[in-house]
Q: 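One structure follows; several queries about it will come next.
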Amino acid sequence: MATARRTMHPVAALEWMVPSGRDVLDLAAGSPAFARELARSGFAVTVVDRDRTNLTAAPPETVDPDAGPRLQQVVGQPESLPFRSRRFDAITAADTLQRFAPGLALPEIARVLRPDGWLSVVHTTRDDTVPWVKRLAARVQQVDPEAMRGDYGQDAVEAIRDSECFIDLERRDFRNWIPITRDGLLEMVARRPAVQRLSEDESVALLQDVSALFDSLARHPEPLLLPFQSSCWRARPAPCDEPDLDDALSLSL
């Protein structure tokens, strides 16, 4: 029997972020990975990124057969979206909202959303409340005090709360468990810049401790389950009675 696909964001989180409609714009900033998750869940997704090299040149069905033809890729920026007004049922930003200029991006996002649409934001972090993850974090923080800390851009959500473009901001959290092997856990720790600056002896000692932690918990050959929390917010565009004067000039993508 084939194992079920595990993704970084649980399906329940995606369904909460896009509770109605199917036409989604994803604001990427470096990777179309979240857009592919949405496409695999059945949404018709357009992903926009300001850097062409971050978007795959090949057709989506070639890059990811599961996504099929439901993923369209467009070069653009959230501060000046190349779409007509009221185009999308939902606009999503997965760990990217903090990378945009809110004073410019939020009015543009509101413009291309349908009146009953949603701006939905998700920030995903490791869930450090689980005991073994606490032990991992404590050991890594001995050499990298900033490891596994911080809100990773969640403060950017306050710009939505303060914006006149959006109303009814609400939040919901979802937990997801992602399998990780010993090699995967060691790679996750080893690629941190602070760890790469350690001496060889310090690096070996750290990775040995991480490997021993894995071995004390995992049941061979099963991987550990690394817990993540997807913190999700969604808000509606504020009512606006102004006509869509830009429709004639915007692209009809």
Side-chain angles (χ1 to χ4, degrees), residues 8-35 37-38 41 43-51 54 74 76-127 149-176 228-242 244 246 250:
M8 184 59 67
H9 305 91
V11 172
L14 304 184
E15 293 175 345
W16 187 85
M17 293 172 67
V18 189
S20 60
R22 310 302 292 175
D23 204 357
V24 181
L25 172 66
D26 181 57
L27 307 177
S31 169
F34 186 70
E37 285 190 46
L38 290 165
S41 294
F43 297 102
V45 185
T46 300
V47 55
V48 63
D49 196 304
R50 57 169 51 97
D51 189 344
N54 293 331
V74 174
Q77 56 187 8
E79 294 86 353
S80 181
L81 290 168
F83 306 104
R84 61 178 171 82
S85 296
R86 301 185 178 186
R87 167 71 173 79
F88 296 99
D89 297 313
I91 297 179
T92 58
D95 301 288
T96 59
L97 189 66
Q98 72 276 12
R99 304 186 188 186
F100 312 133
L104 298 175
L106 291 178
E108 274 293 274
I109 293 169
R111 178 183 66 80
V112 301
L113 270 176
R114 294 180 179 132
D116 58 349
W118 299 90
L119 166 59
S120 297
V121 177
V122 57
H123 284 275
T124 300
T125 56
R126 280 183 294 273
D127 185 348
R149 296 186 188 275
D151 60 18
Y152 304 94
Q154 293 183 23
D155 287 347
V157 177
E158 292 304 311
I160 302 175
R161 192 185 311 278
D162 297 338
S163 174
E164 297 180 353
C165 299
F166 291 93
I167 58 173
D168 300 335
L169 181 67
E170 53 185 318
R171 173 178 176 168
R172 186 171 173 185
D173 296 332
F174 298 84
R175 179 180 279 185
N176 198 22
F228 286 84
Q229 176 170 291
S230 293
S231 301
C232 303
W233 293 261
R234 66 185 185 188
R236 291 189 178 277
C240 180
D241 297 328
E242 295 182 5
D244 298 324
D246 60 338
S250 300

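Given the structure is predicted, the values throughout are model-derived calculations rather than measurements.
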Q: Can you find a pair of side-chain heavy atoms, one from Q229 and one from S231, that are under 4.5 Å apart?
A: yes

Q: Go through W118 and S20 one step at a time and tell me if the side chain to side chain contact (heavy atoms under 4.5 Å, CB included) criterion holds.
A: CA-CA 9 Å; W118 299 90; S20 60; 3.9 Å; yes

Q: Between D49 (side chain only) and G30 (backbone N and O only), is there a donor and an acceptor less than 3.5 Å apart?
A: yes

Q: Supply the atom-to-atom distance H123 NE2 to D173 CG, rounded to the nearest 0.5 angstrom.
A: 12.0 Å

Q: Quick one: are L27 and L81 in side-chain contact, heavy atoms under 4.5 Å?
A: yes

Q: Could you go through the side chain to side chain contact (heavy atoms under 4.5 Å, CB included) check for F83 and I91 one step at a time?
A: CA-CA 12 Å; F83 306 104; I91 297 179; over 6 Å; no

Q: What are the two closest heavy atoms between I160 and F166, and how far apart are they?
A: CG2-CB, 4.0 Å

Q: To the nearest 0.5 Å, how far apart are CG in L14 and OG in S120?
A: 10.0 Å

Q: Please name all residues satisfying salt bridge (Lys or Arg N to Asp or Glu O under 4.0 Å) with R50, sequence neighbours left out, ordered by chain then number.
A: E79

Q: Please identify each residue that fulfils ring pair (Phe, Tyr, Trp, His ring centres under 6.0 Å) with F34, with sequence neighbours left out.
A: H9

Q: Do P78 and E108 come within less than 4.5 Å of each other through their side chains, counting heavy atoms only?
A: no

Q: Please give me the minimum heavy-atom distance between V18 and A90, naming the atom from each residue.
A: CG1-CB, 3.8 Å

Q: Looking at every heavy atom in both A93 and D26, which two are closest together, and how far apart are they?
A: N-OD1, 4.3 Å

Q: Please report the shortest heavy-atom distance between P115 and P237, naming the atom on each side.
A: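 Taking every non-hydrogen atom into account, O-CG, 3.7 Å.
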
Q: Mind checking the CG-CG spacing from L113 to D89? Nearest 0.5 Å is all I need.
A: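 These two atoms lie 9.0 Å from each other.
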
Q: Return each pair, listed once, that meets salt bridge (Lys or Arg N to Asp or Glu O under 4.0 Å) where at least one residue sits in residues 156-165; pairs must be two or more places apart or across chains.
A: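 Qualifying pairs, neighbours excluded: E158-R161.
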
Q: Using 0.5 Å steps for rounding, measure from the CG atom of D23 to the OG1 atom of T46.
A: 6.0 Å

Q: Restricting to side-chain contact (heavy atoms from CB on, under 4.5 Å), what partner residues turn up for P10, sequence neighbours left out?
A: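 Expected list: A13, F174, N176, S230.
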
Q: For the pair S80 (side chain) and G76 (backbone), establish whether a donor and an acceptor sit closer than 3.5 Å, ignoring hydrogens and angles.
A: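 Here the side-chain-to-backbone pair does not exist.
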
Q: Side-chain contact test, heavy atoms from C-beta onward, threshold under 4.5 Å: evaluate it for F43 versus T92 and give yes or no.
A: no

Q: With side chain to side chain contact (heavy atoms under 4.5 Å, CB included) as the criterion, how do D168 and E170 come out once you've worked through the C-alpha distance, each side chain's angles and the decisive distance to 0.1 Å?
A: CA-CA 6 Å; D168 300 335; E170 53 185 318; 5.7 Å; no

Q: Once salt bridge (Lys or Arg N to Asp or Glu O under 4.0 Å) is applied, do any residues pair with R99, and if so which ones, sequence neighbours excluded?
A: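 With sequence neighbours excluded, R99 shows a salt bridge (Lys or Arg N to Asp or Glu O under 4.0 Å) to no residue whatsoever.
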
Q: Which pair of heavy atoms, one from T96 and one from A28, lies closest together, and at what distance?
A: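 Heavy atoms only, the tightest pair is CG2-C, 4.3 Å.
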
Q: Taking side-chain hydrogen bond (donor to acceptor under 3.5 Å, both in side chains) as the definition, give me every residue that meets it alongside D127, ordered by chain and number, with sequence neighbours left out.
A: T129, R175

Q: Go through the steps to decide whether L119 and L106 satisfy the test side chain to side chain contact (heavy atoms under 4.5 Å, CB included), and finish with yes or no.
A: CA-CA 9 Å; L119 166 59; L106 291 178; 4.0 Å; yes

Q: Are M17 and L38 packed together at the side-chain level, in the sense that at least one heavy-atom pair is separated by less than 4.5 angstrom?
A: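 Side-chain contact under 4.5 Å: no.
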
